[in-house]
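First the structure, in the form of C-alpha cells, and then the observations on it.
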Amino acid sequence: MDNMVISIKDAVVSYREDVALQGVSLKVRKGEFIGIIGPNGAGKTTLLTVINGLGKLVQGQALVLGLPVNERSGIKLRKRIGYVAQVENIDPRLPINVRETVMVGRYGRLGLLHRPTQAQWEDVDRVLDMVGVAGLAQRPIGHLSGGEYQRAAIARALVQQPEIFLLDEPTASIDPQAQREILSLIQLIHREYHMTTLFVTHDLRTLPSICQRLILMKEGKIWQQGSPGSMLKEEILSQLYGAPISIPAKAEIAF
Amino acid sequence: MDFSILQYQFMQNAILAGLCGGITCSIVGVFVVTMHLSFIGVCIAHAAFAGALLGVWLGFNPLVGALLFSLVSAGIIGPMADRGELNPDTSIGIVFSLMLGLAFLFMGMIPGSRTEALNLFWGSILTVSRGNLIFLALVTAIIAGLAVAFYKEIQAVICHRQVALAVGIPATLIFYGILFSTGVTITASLRSIGGLLIYSLILNPAAAAYQLTYSLKRMLLIASVFGIISCWTGLATSYFLDLPSGASIVITSSIIFGLATAFSPKRKLKRWQQAQLTG
C-alpha cells in the first residue's frame, strides 16, 4: 500500500444536471503507466480532473500523493502533477514565445514573487532540446503546428518536475506522423523518469504499447480494467463503444 | 506656439494626469486585450460611471460610488463569465445594460444643474484637482508595482489561463485581480477622461501594441508610451483648438491604433495562416 500514489473511492462528480462520474474507485501504484479508453462522455477527462483537484467531488474521497484532494490542497497538488491536454486553438498573436510558455510549468513550484534563475532557464533549454523543439524556442507559441505545440506542452510538464503525469488525448487533432512522434516521446519519458502516468484516449490506434494496465470507462463508470492483452478484445471493445470494433494491427497501436 | 501655459498649476496637473492615466490604463489594457476581455472592461467602465452618478445624486464622493460599483460588477461578471451558466456575452450584456440603465436613472434623479454629472460623462483633464491627481498617481504606482511583482503569474494567466491553473498558479485570484485592477483604474481616471470614453484609452493603446510585438514586456512598454502620447496629444489639441479633452484623447488613441494596424508585422500572419491551412 505504501507505493500507492492515487487512491480514489466512490467518486461522484456532476456538472449541473449531468453526472460525469458515478462512484468511481481507482488505485494507482507509483510508476505505473495506465491507459484510459472509452467513448466520448465516458468521464475520462473528469477522472483526470479529480486527480489534479480541478474536478469537484460531490461524493466520495480521493487521496493523491498522500494528500486528500480538496479545494485547499488542490493548488499544492497541481504543482506536483503534470497535465497535458489536447492541442488547443490559440491566438497566433499571443505575446509569449515557446521558451516562456515552457517556463510557465515551473511557475507553480517557484511560488509568488520568485523569479526563475539562470539555472532554471537552462533546464528549460535542456528539456526543449530533449523534446526536439530547441530550434523553436524564440518562436511565438501561436505559430507552432499541432505536433510542435504538443512537444512544447510536454516540455512544460517536464519542467514542472511532476510526480504524476496526466495526458488527456495528447495526440488528438494532430497528423499521424506527429502522433507517432509524440507517442514515442511519451514512452521515452516514462522509461527515463519512471513517472506515474495516466494516458487518456478514445482512439485505440494512439494507445502506447508501454501501457501496463488498461481502464475501460463508460457512462461515468469504470466498466472494466485489466492488462492490455486481456482488454483489447473485439468483443469487449465493441460492447464498450456500442459499435463493432476491429482491433488495429499491432504495428498500428504499438509505437 | 506659446508654451508659457506650462507654468500654470492646472496644466501641470493635466500633464501629470495624462502621464499617470496613460500608463495605468495601458497596463490594464494589455491584460484585458490579451485575455480577450474587452466587453467585460466596457461593462466595468459603465458600472463605474453609474456608481459615480449615484454619488452625485446622493451627495457623497462620486469616486467612492464608482469604485464600489466597478468592484461589485467585476465580482458579478467574473463568475458569470467563468461558470458558463449563461453564454458570457449574454450575461455580460445583461449587466452592461443594467449599468447603463442605472446610469441614466441616477442622471435623471439628480436635482438642479447636472454639470458635475456631465463632467463625469465627458471628462475634463484640464480641471483635474490635486486630490484627484494624487489618487490617480497612487493607483498608477500600485498597478505598475503589482504588474512588476506578479509579472510571471500575470503572463501565465493572460496567455494560458487553463495551463496556469493546472500547474498550481493561483489563476483565479490573478484573474479577479485583473478585473478589480480594471475597476480601480477606471475609477481613478474617471474625472480626467470621462465615463463614456475611458474604456477607449484602456483598449486602444493596448490593442495597438498587440499589433506590433510578440513580447509581453515590450507590449506593456509600447502600450504605455501610446497611452501617454494619446493623453498628451489630446490634451494639447484640446487646449490649443478648444476641443473637449476626453474626446481628443480618445480620437488620438484611435488614430494610433489605426496606424499600428496598418503597419503591423502581424498582418503577415494572415498569409501564414492561409499557407498552414492549404499546406
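Side chains included, hydrogens not; waters and symmetry mates left out as well; all remaining heavy atoms used. These figures come from a predicted structure and were not determined experimentally.
- Residue A/P95 forms a side chain to side chain contact (heavy atoms under 4.5 Å, CB included) with just one option from B/V30, B/T213, B/T34, and that option is B/T34.
- Atom CZ of B/F150 and atom OH of A/Y107 lie 14.5 Å apart (nearest 0.5 Å).
- Atom CD of A/E100 and atom NZ of B/K217 lie 7.0 Å apart (nearest 0.5 Å).
- Few gaps surround CD on A/Q177; more than 12 heavy atoms of other groups in view lie less than 6.0 Å from it.
- When every heavy atom of A/P92 is checked against every heavy atom of B/Y214, the shortest pair comes out as O-CE2, 3.5 Å.
- Using a 4.5 Å cut-off between heavy atoms, A/Y83 touches chain B through its side chain atoms alone.
- The candidate from A/L113, A/L112, A/I75 with the greatest count of non-hydrogen atom pairs under 4.5 Å with chain B is A/L112.
- To the nearest 0.5 Å, atom NE2 of residue B/H160 and atom CD of residue A/E88 are 7.0 Å apart.
- Of the atoms belonging to A/I141, it is side-chain heavy atoms, and not backbone ones, that fall under 4.5 Å from chain B.
- For B/V148, the parts sitting under 4.5 Å from any heavy atom of chain A are the backbone and the side chain alike.
- Here B/C159 is the residue among B/C159, B/A149, B/A156 with the most heavy-atom pairs under 4.5 Å with chain A.
- For A/R156, the part sitting under 4.5 Å from any heavy atom of chain B is the side chain, from C-beta outward, and nothing else.
- Not a single donor-acceptor pair under 3.5 Å links the side chain of A/R93 to the backbone N or O of B/Q211.
- At distances below 3.5 Å, not a single donor-acceptor pair connects side-chain atoms of A/K76 with backbone N or O atoms of B/G168.
- Counting heavy-atom pairs closer than 4.5 Å to chain B, the top-ranked of the candidates A/L54, A/L94, A/L110, A/V104 is A/L94.
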